[in-house]
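Following this message is one structure expressed as structure tokens.
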Amino acid sequence: MKTKIFLLTCLAAAFTLKAAAQEISIDKGWKFAIGDSTQWASPTYNDANWKPINLAYDWESQGYPNTDGFGWYRSHLVIPSSLKEKSYLKDSLRITLNNVDDNDEVYLNGQLIAKYGGQKGDIKNGNYGPRSYTIAANNPAILWDKQNVLAIRIFDTGGAGGLYGDKFTLSMADLMDPVSINTDAEFSYGDNNSLNKSIKLVTTSNYAYKGKLAFKVTDPENGTVLYEKTNDADFTAGKPFTYSFSIARLEKKSYVVSYTFTEEKSGKSITKTDGTPYVLTPYPSSKPKINGADVYGARPGNPFLYLIPASGKKPLIYAAQGLPDGLKLDANTGIITGVVTKKGDYPVTLTVKNNLGSNTKKFTIKIGDIIGLTPALGWNSWNAFGLSVNDERVRTAARTMIEKLSAHGWNYVNIDDGWEAEQRAASGEIVTNQKFPDMKATTDYVHSLGLKMGIYSSPGPRTCGGYLGSWQHEDQDAKTYGDWGIDYLKYDWCSYSEVTAKNPTLDDMKKPYQVMRASLDKIPRDIMFSFCQYGMGDVWKWGAEVGGNSWRSTGDIEDTWKSMSTIGFHQIADGPYAQPGHFNDPDMLVVGKVGWGDNQHNSRLTPDEQYTHISLWSLLSSPLLIGCDMGKLDKFTLGLLTNDEVLAIDQDALGKEAHQAIKEADYQVWIKDLADGGKAVGLFNTSDKYQTITLNRDENDLKGLTKIRDVWQQKYIITSGNTYSVKVAPHGVMLMKLSK
Ligand code: GLA
């Protein structure tokens, strides 16, 4: 009884706070149970003994560690008719669940009103993400102004699970819901030194929208409005409104552009903001230059493949002195192949020439037991295409990598989930689905370019996306990967929870990775092994011993500041475990056009947040796996991914990870030791205002490091005295290298 009164008080408090708003928060007063029962949907079911749960956090962190599978959330709440009365359109109620991990069915007073089961409607297949459901306001399931029971059935495929995030609300569907401001077109640079772009107002409803579009450019440093213009804007489903603008090119920083459409009759409006891109990476030189890591590891007796990363005007001619016996270089492509049988460290001198000159670099080939001496640099299909990856998209990624990125060391082309069939061959062999007609041919193509090929699987019966996993077929799958020529395996935990102990011990957690490790060891190939179990059991403490080249230290990343910064700035406990051949993996990059499916959008990170993302991940010695549609790389994204001095921080041969040296409310300083005795330093502004950050070289072991280089701009900075102050943009970074 007591509990009940308490619950009602909480609800009343939550409601009065937001009552004036057009939406009410429903993030309080939830109860939770692990398991599954049809009765739990019922409004009369007695959930008095269920435990309260907080929707700000996943269920793992609230007393249900390592729990995958079904869980139910229940809430008793009043749905006020004032919500409907105050709304402009009164026809549907909207429930926003931000986010669901992974799939859900929503019951209102016992009736199923919405469900999300990603793949084929099955609650067990699908993905983490936000949900927004609408139901007709006259649906009898809604009890206006009375107690309602909202019951949500969740299925978690693996890792963190439940309802957790920053927005759980009830609101009425709005006139602006079907409207979006599409800002995905690229900013282009005009001849007259201008920055140009077109945006579109689009709708999916039948309504004819008539109103004004306000366009504004603001300098975030001082709030000055640089441009402001309002235009009439009318559009319908068949006829979007396009607005093109041209602004004089601005200095090297990001300005805030806002677009607000206000509908005439209702007064309703919708706003979207954009950041102007600015490229810091110097314009690529035509002179020949060898880039990439200083070391490369391979195992004796296995096929060797290394593409010398070199930039400069083509054609380039390559040479190598001191290659170990068994290797040969193709002087026209820069591809080194062969097999080395003898273990050892082989110092090599690489040379690249073109008609403008030549460049040499000292390089060490280490033939031994450890591969992946520096973090992998490549592309992975997931953040771009999700389960809709296909052969053509992978080939486009490979082609683009060769045209635009491999000169800087990028070399893995990794297929994530979505390539597998739903049933094995009669022999038990894994087969591809129809999107990948011939995996061997695709791999041969990738190899012919000098690049490497990666694939994905799960130790459970199914992958996170519901495709076939490797459970009880590990040897067979490793052999198939070997036959295809796979060079990298990402191995996800999903659905393994169904075949292991309910509360897995550390040994249970290690087991599937040990089993696959043993299977991969039987294959005469160097296959990078990437664990993906989201950091369970402090994987960084045992990932190397179990034979992982990298291990995910977090849940899945999203293209938001909240997600990227929470992940990036929390890589602290795992930091000391990074070492050559074994790295923490804070998940893949979210720059460029991302989308996790068929539709891609520009990363929702601002340009400054994207500089932070790449800088921080490089300081963290993270594998850098580009997660965008490679067919649509824009100039800004290319600048982010082709800065050799930034990449050199990630690829540093010492293999250490940066540590958080200073953490203040508004800024952080991260420092990474480098092989040459220098240090890479990131000054991160974590606030949403411009800030001056000061670095004191008498502190944090920086004494004696007199030279400061602005790594993004590749310029030395003139300083005097031991403190150096710099203005940093909101959520932005100043990345530096300090040396003697
Ligand atoms: C998990 C992983 C993702 C991706 C998907 C594929 O969510 O964390 O990186 O591999 O599975 O289904």
Side-chain angles (χ1 to χ4, degrees), residues 58 60 66 68-69 99-103 116-120 122-130 154-162 164 376 378-390 393-394 412-422 433 435 454-471 488-498 512-513 516 528-536 539 543 548 550-559 563-564 567 584-590 594-598 617 622-628:
D58 57 33
E60 268 77 8
N66 307 320
D68 303 330
N99 292 299
V100 180
D101 195 349
D102 290 282
N103 307 306
Y116 180 92
Q119 287 269 294
K120 300 168 220 103
D122 179 355
I123 193 166
K124 292 192 177 178
N125 295 334
N127 275 302
Y128 166 83
I154 302 286
F155 184 83
D156 172 31
T157 61
Y164 57 94
W379 174 84
N380 172 295
S381 55
W382 186 250
N383 293 350
F385 303 120
L387 296 173
S388 50
V389 59
N390 61 33
R393 287 172 164 169
V394 172
Y412 282 96
V413 178
N414 293 354
I415 306 172
D416 206 282
D417 203 356
W419 62 269
E420 319 85 337
E422 291 186 30
N433 60 42
K435 294 185 292 156
I455 215 162
Y456 165 100
S457 189
S458 162
R462 283 173 298 101
T463 64
C464 297
Y467 287 92
L468 275 180
S470 295
W471 191 52
Y488 189 112
L489 173 66
K490 170 174 172 181
Y491 207 45
D492 212 330
W493 175 265
C494 274
S495 90
Y496 187 74
S497 41
E498 291 171 20
Y513 295 93
M516 188 44 110
M528 293 273 272
F529 195 17
S530 143
F531 299 0
C532 180
Q533 45 84 290
Y534 335 109
M536 277 190 302
V539 60
S550 65
W551 43 82
R552 276 272 294 277
S553 50
T554 76
D556 288 16
I557 197 167
E558 284 179 75
D559 57 325
S563 168
M564 184 276 287
I567 290 177
N584 294 299
D585 171 8
D587 206 3
M588 303 174 289
L589 302 178
V590 282
V594 296
W596 293 269
D598 266 323
W617 262 238
S622 165
L624 299 179
L625 292 169
I626 301 166
C628 70

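Remember, predicted model here, so these are calculated numbers, not experimental data. Just so you know, ligand 1 is whichever comes first in the structure, and atom 1 is the first atom listed for that ligand.
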- For Asn584 and Trp551, does a side-chain donor sit closer than 3.5 Å to a side-chain acceptor?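 Short answer, yes.
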
- Strictly by modelled atom types, are Asn383 and Trp596 linked by a side-chain donor-acceptor pair under 3.5 Å?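 A donor-acceptor contact under 3.5 Å links the two side chains.
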
- Message: With heavy-atom distances below 4.5 Å as the criterion, would you say the side chains of Val389 and Lys435 are in contact?
- Response: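 In contact.
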
Between the protein and ligand 1, which nitrogen or oxygen pairs come in under 3.5 Å, and how far apart is each?
unit_1, atom_1, unit_2, atom_2, d
ligand 1, 7 (O), Asp556, OD2, 2.7
ligand 1, 8 (O), Arg552, NH1, 3.2
ligand 1, 8 (O), Arg552, NH2, 3.1
ligand 1, 8 (O), Asp556, OD1, 2.5
ligand 1, 8 (O), Asp556, OD2, 3.4
ligand 1, 9 (O), Lys490, NZ, 2.8
ligand 1, 9 (O), Arg552, NH1, 3.3
ligand 1, 10 (O), Asp416, OD1, 2.6
ligand 1, 10 (O), Asp416, OD2, 3.3
ligand 1, 10 (O), Lys490, NZ, 3.0
ligand 1, 11 (O), Asp492, OD2, 2.9
ligand 1, 12 (O), Asp417, OD2, 2.8

- Query: Listed by chain and number, what are the side chain to side chain contact (heavy atoms under 4.5 Å, CB included) partners of Ser497, not counting sequence neighbours?
  - Reply: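 Scan of Ser497 (side chain to side chain contact (heavy atoms under 4.5 Å, CB included), adjacent residues dropped) gives Asp68, Trp493.
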
- Within the side chain of Asp156, is there an N or O that forms a donor-acceptor pair under 3.5 Å with the backbone of Gly69?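 Judged by distance alone, no pair lies under 3.5 Å.
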
- Is a salt bridge present between Arg462 and Asp417, judged by a nitrogen-to-oxygen distance below 4.0 Å?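 Salt bridge absent between Arg462 and Asp417.
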
